[in-house]
Structure formats: structure tokens, C-alpha cells
Amino acid sequence: MATTDQPGRAAPALVIDPEEARRERRRKRERIGSWLLPLTIMGLAIVLWDRICVWNEIPQYILPRPGVVLATVIKDASLLFSSLMVTLKITVLSLALAIAGGVGLAVLFTQSRFIEMSLFPFAIVLQVTPIVAIFPLINIYVDDQTTKLLLCAWIVAFFPILSNTTLGLNSVDRNLIDYFRLNGASRWQTLWHLRLPAAMPYFLGGLKIAGGLALIGAVVAEFVAGTAGQSSGLASRIIEAGYRLNAPRLFAALILISLTGILIFLALSWISHLVLHRWHESALKQEH
Amino acid sequence: MPSSTDPFLLLHSIGKTFASGVTALENVNLKVNEGDFMSLLGPSGCGKSTALRIIAGLSNPTSGLVEWRGAPLRQNDIGFVFQEPTLLPWASVYDNVWLPLRLRGVSRKDAAPQIAEVLERVHLTGFEEAVPRELSGGMKMRVSIARGLVTQPRILLMDEPFAALDEITRFKLNNDLLELWAERGFTVIFVTHSVFESVFLSNRITVMAARPGRVFDEVAVDAPYPRNQSFRTSPEYAALCRKTSDALVDAINATAQDLEETVHGDH
Ligand SMILES: Nc1ncnc2c1ncn2[C@@H]1O[C@H](COP(=O)(O)OP(=O)(O)OP(=O)(O)O)[C@@H](O)[C@H]1O
Ligand SMILES: [Mg+2]
């Protein structure tokens, strides 16, 4: 390329070829679209919901209008949010226990194939048996309401963490394992410096699934367990509202549960991004 | 500096048969002198990697003996560079080079001078904080070499370290490696498929044949060091390459004949 010698020439602006520019524009459109589109569709759906109620003159106790639901969320805020806190507490606690249990067991499994062979079937049995079917048993053996719910949510949430982390701990580059061996690394060093970081993407993938499952577990468990006085979560509010034909509150509780699920998912995705964004394929932005 | 005549490593009739029944090595005898740059050259599947792994102690021979002469071998004395860079993808360049020291209990701070020195030697100063995916293939390989050298090993085992790189990068790394070798005076066993590379780098080439893997021939490369770009174009280099190439072709033919006998010339 010929350089024109202009005295006092400013730093050249970033030159992008048309193809790159087009790609850049498309990327920008996609970025905006990724949140604008779902929000628009959601908005339209709410408007449609509202119109259907009005056009068909549906009574409030069958299908309340969105405005009414929103008003209920605000009116019953103290009741609903204290219930939400109960459900959230169970969810978060059971997720924490699922992480401890899942990762702990997975680490144990990688230490010995025999332990894995002996225990993995039990994990599968726990996973494939519907929690609703196990619950009556738990109901007999456990007295405390919170413990019951925790146990249920834990059983549902821990399996994806266990199976993903086990897979991750075993998916380490053979050469790197050899390299560690060559350097006289202890079992503990190999675990800490190699296997655990290598399992991170798998673990985080499992965590995202487990987060949703923990919430489902917490809600389902409460459904089967029934209400228990003042410490009742959102599921109890839904049952209660159902009995009283209080559709607006039922919807309000339902929406709070959905929003909580979405928030959990977003939070875990964000954590995953923070941890992986610099090195793992799944978290890389395309830069071609 | 280039080799003495004191044997440093001796392989005594090494044999390796895998559980699958494949005999990867049979009666391999090898003598490596202190300061040698020895290449293992041979067709694919002739057991070069297997031999290297046995030398490194990553795999046990079915028969025979690996003998180290001289001062007793310590953990630090063997450096290994794989065909792939084999770095920790989540760790920075600095932390990757620190890894072997870290496994020996050296703190991040205490390792700093050694890491800085070795990174400078492989021309990676300034890239300490980059993670492997932010580097080119050649740079990753440099990190891998830096990691292999940071413990100051007495012998560096390299398994086709540059096979995946383009020729320009490969030439550059060949030069760098020779410089490092001349400066630090360690011993190298270098596995390669390339006649040209083996002649350029080494003072001795062991040519291997396959099925079963065995030492077929040895070529002495007595061109003086330092070798540089003018060596690549010299008639001496061309002659040595021809000689080595002939030996390699003979080794391949020897394998082909063995095969014909067993498979009735199917290939
Ligand atoms: N772990 C193993 N189990 C069974 N057979 C093996 C194993 N590793 C290597 N082999 C066999 O041993 C022989 C030699 O393999 P090796 O990897 O040492 O060859 P190589 O000379 O390094 O080949 P290349 O140049 O392609 O890397 C091959 O036939 C291979 O199939
Ligand atoms: Mg090989």
C-alpha cells in the first residue's frame, strides 16, 4: 500500500471492509434483538390476554385481566413476598446442599472407580423415582416441615450436578494428566490444579439445570406437603387461592414463581459467564 | 554445549507389548550422551512416542532396562514437551509456566525471576497475562517449551513438538531451540517425522522401523554448531538430508517387506 506523506496527518481511522461492516451491523442487530424481541412478544401476549378477557367478558374468578393481577401483586405484597422468601430460602439452601453433595460425591467417584460403581446406581434410583412418589415416605420419617422440603428439593437438584461434575472430572486431557504425573503431582494437587478447573464448565452447566430444578423441587414438595401455618411458601398460597377461587392471587403467585425461576437462571448464567468467559469455548463471543 | 562421550542414558533391549497384543518396541538399544541432541526419526507407528514415554517413566517396558548414568536423577531432571501445547486453558501464560514449580511448592512470587527469564528466552515477555486461546499456535508451543525449561531439566524429551506448526514458525522455533540448547547445555531427545528438521537440529539421528518398533539405523550429523539459515542452504545439509532420507526409506521398506510376508502384499 502506498503511504501518502501528509504532514501532521492524524492517526488513521479504523478501516473496516464492507463485509466486516455488514457483519458488525448484523451483530449489533442480533444483540439488540436478543432482548427486544422476547420483550415485545411478551408485551403483545399480555395485551392479547387482556383483550381476550374483555372481548369474551370472562369473569375475574376464571381469568383475571393482567392489570388486576398486577394490582394483586401490589395489594398482597407483604403476604406474597414473605411466601416468596420461604420458597426462595428452600430453593437456595437445597441448591447449596446439592452443590456440596453433588461435587463431593463426584470427587469421591473420581478417587475410586469402585466407589463410583457401588454408589452411582443409588444416585440414578433417586433421580428416576418421581419425587411425588417418594414424598409420603419422607413425610413419615421427617417431622420438620423445612427439612422435608429441603430434602425433596435436594433430591431433585443434586443429580445434574453430580453427573455433570463426574463427567467433567473425567474429561481431562490425557496428556495433562501425564504431565502432572511426570512432575510428581500428588492426587490432591492433580484434583485441585487440574481436574476441578477442567470440570468447571460441566459443573456450571449442571448448576444451571439444578437451579431450575431446585425451585421446582421446592414448589412441588410444598404442594404435596400441604400448608403449614405462617411459614408457608408460594405453593401454599396457590393452593389456598385455588380453594377460595381467588384467581388474581393465584396468578400473582404463579408469576412470582416464574420470575424467580428466570432470575435464578439469569444469575447462574451470569456466574457461568464470569468464570468461563476468558477460556472456555461455550462462553466465547464469535470473533470471526 | 554439544555432546560429550559420557553416556547419560542407556536403553538395554527395551521391549514393549501392550495388553492389546501390539508389540510397539522390540529389543531397542540406545545410548544417549550428556549434551546430545538426538532425534528419533521413523514412520508413524514405529513406537517413537512409546519409547519416549518409557524414558520419561510414564510407561513401563515389558522387558529390558532404562539406565541413567551420572548423578542420580531427580524429579526436576526430565522435561517433557508434547505434540500439542498441552497447556491449562484457564491459566495465564505466567501461571502455565509456573505450574511445574508450583507443583514442587514454589510460590508464585519466588518463581518470578525464573519465569521471567525463561519467558524472555522464548520471546514471550509481555504476554504473561494472556490465556492460551489468545495466542497463536507457535506462541502456545513456546509457552510449552518455556514450561519444559523452567525447572532447568538435564534432559528435555520432545514428542513432535512442532508437527502442527507451519514451516516459517517451525524454522523460527528450530533456531530458538538450538540457541537454548547451546546456552543451557541440556540433553534433548527429539521425536520427529521430518528428515529436514532432524538433520538441522541434531548431532545424532536414530532411525526406527515399525512392526515391531526397533532401531534400524543411526546417522551421525557431524556438521558444526551453531547452525543457522546458511546451514539450511548448504550442500553439506543437502547431502546429510539425502543420507538420512535413504536410511528412512530403507527403514520403511524393511517394514513393507515384513508386511508383505505376513499379509501377502496387500499393501
Ligand atoms: N496405549 C496403547 N495401547 C495399545 N497400543 C498402543 C498404545 N499406544 C501405542 N500403541 C501402539 O503401539 C504402536 C506404536 O505407537 P506409538 O504411538 O509409539 O508410535 P509413534 O511412532 O509415536 O507414531 P506417530 O509418529 O504416529 O506418533 C502403534 O502400533 C500403536 O497402535
Ligand atoms: Mg507419536
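Just so you know, these numbers use all the heavy atoms, side chains as well, and skip hydrogens, waters and symmetry mates. Remember, predicted model here, so these are calculated numbers, not experimental data. We name chains A, B, ... by the order of the sequence lines, and we start the count at 1 in each one.
- A salt bridge links B:R142 to B:D176: at least one charged side-chain nitrogen sits closer than 4.0 Å to a carboxylate oxygen.
- B:T23 places no side-chain N or O within 3.5 Å of a backbone atom of B:L25 that could act as its donor or acceptor partner.
- Between B:W181 and B:F37, the ring planes lie perpendicular to each other; the angle is over 60°, past the 30° to 60° tilted range.
- Only the side chain of B:R53 comes within contact range of chain A, with at least one heavy atom under 4.5 Å from a heavy atom of that chain.
- Residue A:D178 touches chain B through both its backbone and its side chain, counting heavy-atom pairs closer than 4.5 Å.
- No side-chain heavy atom of B:F82 sits under 4.5 Å from any side-chain heavy atom of B:S144.
- For B:L87, the part lying under 4.5 angstrom from a heavy atom of chain A is the backbone only.
- Interface residue B:E134: only side-chain heavy atoms are found under 4.5 Å from chain A.
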